[in-house]
Amino acid sequence: MTHHLLESDDAGVQTVSYEHSLFTKKINAVYLPVKDMLTHSRGLLAMAHKYNDFPFDKTLLDSIECAGRWGLKQPSALAKSILPLLDPLINGTIAIDNDEFYIVKKNGQKINFELEAEGFKKIGILWQLLMNETITENTILLWDEPEANLNPEFLPVIADCLLALSRQHVQILISTHSYILAKYIEIRAKDMDKVLFHSLYKKDDGLVYDEQQKKFSALQNNTIVTAFEALMDEIYMGKAGE
């Protein structure tokens, strides 16, 4: 845990001091990267386990190891509340055979992750982590760009899943460049939901600042909104010139 304290000198210049302390209890944290890793599960893990100095980002390997845990015969209460949202998207279940991942469709067709669409694989890993109780109450879920390679029609479902998980005491931190996903989270959040939008931006002094708002639309320094508004301006000007 890190604490920081802002201090000002006589000239009004602010400095930051830090204090570090260790967590007193183990925290279950799960990181989902932008890139699908389950396609490479068999060979990649074998190489990483064989060579201690294997030159690969270990956070990416963690997602494979977490997904590779055995699933439960009966899903947990948390999983039961989320899986009905995911099942229609992948139209099946996740299976592991000889350290390789598959989506088994409801018609019995078994599709290797290597051949499946990227968006389905992204839904599939979330399904698997719920089924094997890697994601449970009080888990911290860090998800990098959930919208990457995802069918835009799935974005409202992902927003619903994230909100539903947060209501089950899963703390979620996502990074996104998607106006649609951020907006869906904003409009589908209920008064009881604890949602906070952050926007990181630079000023002329070269420092990075963090703006925080309870509403996505309230952010003043937001390149996602700026880009969206620029597009709307071009559309409007184009129609005006017709």
Side-chain angles (χ1 to χ4, degrees), residues 1-25 27-37 55-63 122 138-150 152 155-156 158-159 161-163 165-166 169-238 240:
M1 183 180 298
T2 302
H3 304 279
H4 64 273
L5 176 66
L6 284 175
E7 299 174 335
S8 299
D9 60 17
D10 294 337
V13 177
Q14 290 187 326
T15 59
V16 181
S17 61
Y18 291 89
E19 177 185 343
H20 298 272
S21 60
L22 297 176
F23 289 105
T24 57
K25 62 179 181 179
I27 295 176
N28 182 38
V30 180
Y31 170 65
L32 296 183
V34 177
K35 181 176 177 56
D36 159 57
M37 297 306 303
F56 205 84
D57 186 345
K58 288 183 172 55
T59 60
L60 301 181
L61 298 175
D62 286 345
S63 64
K122 180 157 287 190
N138 301 315
T139 294
I140 298 177
L141 173 60
L142 303 103
W143 199 350
D144 194 3
E145 297 184 32
E147 76 278 4
N149 301 312
L150 200 64
L155 292 179
I158 293 299
C161 286
L162 294 172
L163 291 168
L165 284 170
S166 70
H169 309 292
V170 177
Q171 184 175 353
I172 302 168
L173 294 92
I174 69 168
S175 64
T176 181
H177 295 97
S178 171
Y179 177 91
I180 298 174
L181 178 59
K183 202 64 180 176
Y184 266 121
I185 293 174
E186 178 187 52
I187 65 176
R188 295 199 173 187
K190 299 177 181 178
D191 292 338
M192 58 173 280
D193 291 323
K194 297 179 180 179
V195 178
L196 191 62
F197 294 91
H198 296 257
S199 178
L200 301 178
Y201 63 99
K202 278 188 177 182
K203 287 187 176 181
D204 294 338
D205 57 12
L207 298 179
V208 176
Y209 293 82
D210 176 23
E211 180 187 356
Q212 305 173 21
Q213 297 289 351
K214 292 183 178 181
K215 294 289 186 180
F216 176 70
S217 55
L219 292 170
Q220 298 299 310
N221 301 278
N222 190 338
T223 55
I224 297 177
V225 172
T226 300
F228 182 79
E229 290 177 345
L231 173 61
M232 293 297 100
D233 288 342
E234 285 199 32
I235 293 174
Y236 175 79
M237 293 301 294

Legend entry - Flag, side chain of E147 to backbone of H177, donor-acceptor distance under 3.5 Å: yes
Legend entry - Heavy-atom side-chain proximity of V30 to W143 below 4.5 angstrom: no
Inset, instruction - May I have the step-by-step check of side chain to side chain contact (heavy atoms under 4.5 Å, CB included) for D36 and N149, ending in yes or no? - result: CA-CA 10 Å; D36 159 57; N149 301 312; over 6 Å; no
Inset, instruction - Look only at the side chain of Q213 and the backbone of H198, and say whether a donor-acceptor pair between them is shorter than 3.5 Å. - result: no
Inset, instruction - With the side chain counted from C-beta on, respond yes when P33 and L60 share a heavy-atom pair under 4.5 Å apart, and no when they do not. - result: yes
Inset, instruction - Could you pull out the closest heavy-atom pair between S178 and L155, with the gap in Å? - result: OG-CD1, 4.0 Å
Inset, instruction - Could you pull out all residues at least two apart from D62 that satisfy side chain to side chain donor-acceptor pair (under 3.5 Å)? - result: none
Inset, instruction - Flag the pair V170 / N138 as yes when at least one side-chain heavy-atom distance between them is below 4.5 Å, and no otherwise. - result: no
Legend entry - Neighbour count above 12 (heavy atom, 6.0 Å) for K35 NZ: no
Inset, instruction - Locate the shortest heavy-atom distance separating V34 from A148; write the atom from each residue and the value. - result: CG1-CB, 3.7 Å
Inset, instruction - Find the distance between CG (L219) and OH (Y201) and round it off to the nearest 0.5 Å. - result: 10.0 Å
Inset, instruction - Report yes if the side chains of V195 and F216 come closer than 4.5 Å at any heavy-atom pair, otherwise no. - result: no
Legend entry - Side-chain H-bond candidate by donor/acceptor type, D144 with S175, under 3.5 Å: yes
Inset, instruction - For T139 and L141, indicate whether the former's side chain and the latter's backbone hold a donor-acceptor pair under 3.5 Å. - result: no
Legend entry - All side-chain contact (heavy atoms from CB on, under 4.5 Å) counterparts of L142, not counting sequence neighbours: A29, Y31, I140
Legend entry - Contacts of type ring-ring contact (aromatic ring centres under 6.0 Å, His included), residue F228, not counting sequence neighbours: Y179
Inset, instruction - Output all residues satisfying salt bridge (charged side-chain N to carboxylate O under 4.0 Å, His left out) with E145, sequence neighbours left out; order by chain, then residue number. - result: none
Legend entry - Pairwise distance CD1(I180) to CG(L150) - rounded to 0.5 angstrom: 11.0 Å
Legend entry - Where at least one partner belongs to residues 200-217, residue pairs that pass salt bridge (Lys or Arg N to Asp or Glu O under 4.0 Å), sequence neighbours excluded: none
Inset, instruction - With rounding to the nearest 0.5 Å, note down the distance linking CZ in F197 to NZ in K183. - result: 8.5 Å
Legend entry - Shortest non-hydrogen contact between I158 and L181, atoms and distance: CG2-CD1, 4.2 Å
Inset, instruction - To the nearest 0.5 Å, tell me how far Q212 CD sits from L200 CG. - result: 9.5 Å
Legend entry - Within-4.5 Å side-chain heavy-atom neighbours: E186 and S217: yes
Legend entry - Residue pairs passing the salt bridge (Lys or Arg N to Asp or Glu O under 4.0 Å) test where at least one lies in residues 190-200, sequence neighbours excluded: R167-D193
Inset, instruction - To the nearest 0.5 angstrom, please state how far the CE atom of M192 sits from the CG atom of L163. - result: 9.5 Å
